[in-house]
Amino acid sequence: MDRVPILKVGDVLLVSIQTDLQDRTALALQEDLAERIVRTGARGVVIDITAVEIVDSFIGRMFAGIAAMSRLLDARTVVVGMRPAVAITLVELGLSLGGVQTALDLETGLRLLGADSLEEGPRRCGTADDRRARDPDRLQ
């Protein structure tokens, strides 16, 4: 069974769906994502559906279910990159995706989640004491 990769970017999990989802793949994604949110303590989830051309009522409900599950695990969800045809289909199916924030692109989605850790610039590795312990000559 195919798995959808889940990448950690700062305190956000990025799910980029590169193909139309089959029901089994969507169910596996829901389970994998719940486990990753708990394991990483992620505060947000971005689901990029730019490559998704077709959705049905099951997949639409899965997005809403993923968002509800993420909220229960203290993470917010934003779906980005929705094509007009997908939006029209969801409306025609009567799916509102309640609780799911949407954005046109990844950058806006990350901004909605307040992905502060992405704007911090280069990370320092440990405290000055940690760096001094690793290289005592350098930080005297």
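If you're wondering where the values come from, they're calculated on a predicted model, not measured in any experiment. All residue numbers refer to positions in the sequence shown, counting from 1.
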Check: Thr40 side chain, Arg36 main-chain N or O, donor-acceptor pair, under 3.5 Å: yes

Common cluster, Val52/Phe58, ILVMFWY with side-chain heavy-atom separation under 4.5 Å: yes

Single-linkage hydrophobic cluster Ile49~Leu93, side-chain heavy atoms < 4.5 angstrom: yes

Within one Ile-Leu-Val-Met-Phe-Trp-Tyr cluster: Leu104 and Val86, side-chain cutoff 4.5 Å: no

Spacing of OG1 belonging to Thr50 relative to CE belonging to Met82, to within rounding of 0.5 Å: 10.5 Å

Atom CD of Glu107: over 12 foreign heavy atoms under 6.0 Å: no

Atom pair CG (Asp2) and CD (Gln18), whose distance is rounded to the nearest 0.5 Å: 12.5 Å

Closest heavy-atom pair and its distance - Leu95, Arg61: CD2-CG, 4.1 Å

Check: Asp20 side chain, Glu53 main-chain N or O, donor-acceptor pair, under 3.5 Å: yes

Contact list for residues 62-74, test side-chain hydrogen bond (donor to acceptor under 3.5 Å, both in side chains), sequence neighbours left out: Arg43-Asp74, Ser70-Thr77

Steps toward side-chain contact (heavy atoms from CB on, under 4.5 Å) verdict (Asp56, Asp23): CA-CA 10 Å; Asp56 58 17; Asp23 293 356; 4.2 Å; yes

Spacing of CG belonging to Leu113 relative to CG belonging to Asp11, to within rounding of 0.5 Å: 8.5 Å

Least distance between heavy atoms, Val100 atom then Ala67 atom: CG2-CB, 3.4 Å

Value rounded to 0.5 Å, distance of CG in Leu21 from CD1 in Ile54: 11.5 Å

Pairwise distance CD(Gln101) to OG1(Thr108) - rounded to 0.5 angstrom: 11.5 Å

Nearest heavy-atom neighbours spanning Ala34 and Met69: CB-SD, 3.2 Å

Point-to-point distance, once rounded to the nearest 0.5 Å, from CG of Leu90 to CZ of Phe63: 8.0 Å

Gly44 to Ala75 - nearest heavy-atom pair and separation: N-CB, 4.0 Å

Taking every non-hydrogen atom, the tightest pair across Leu112 and Arg76: O-NH2, 2.8 Å

Qualifying residues under salt bridge (Lys or Arg N to Asp or Glu O under 4.0 Å), relative to Asp32, sequence neighbours excluded: Arg3

Val80 and Asp105: CA distance, side-chain angles, deciding distance, side-chain contact (heavy atoms from CB on, under 4.5 Å) verdict: CA-CA 5 Å; Val80 302; Asp105 55 47; 5.9 Å; no

Identified side-chain contact (heavy atoms from CB on, under 4.5 Å) counterpart of Val15 within the set Asp48, Leu7, Val46, Leu29: Leu29

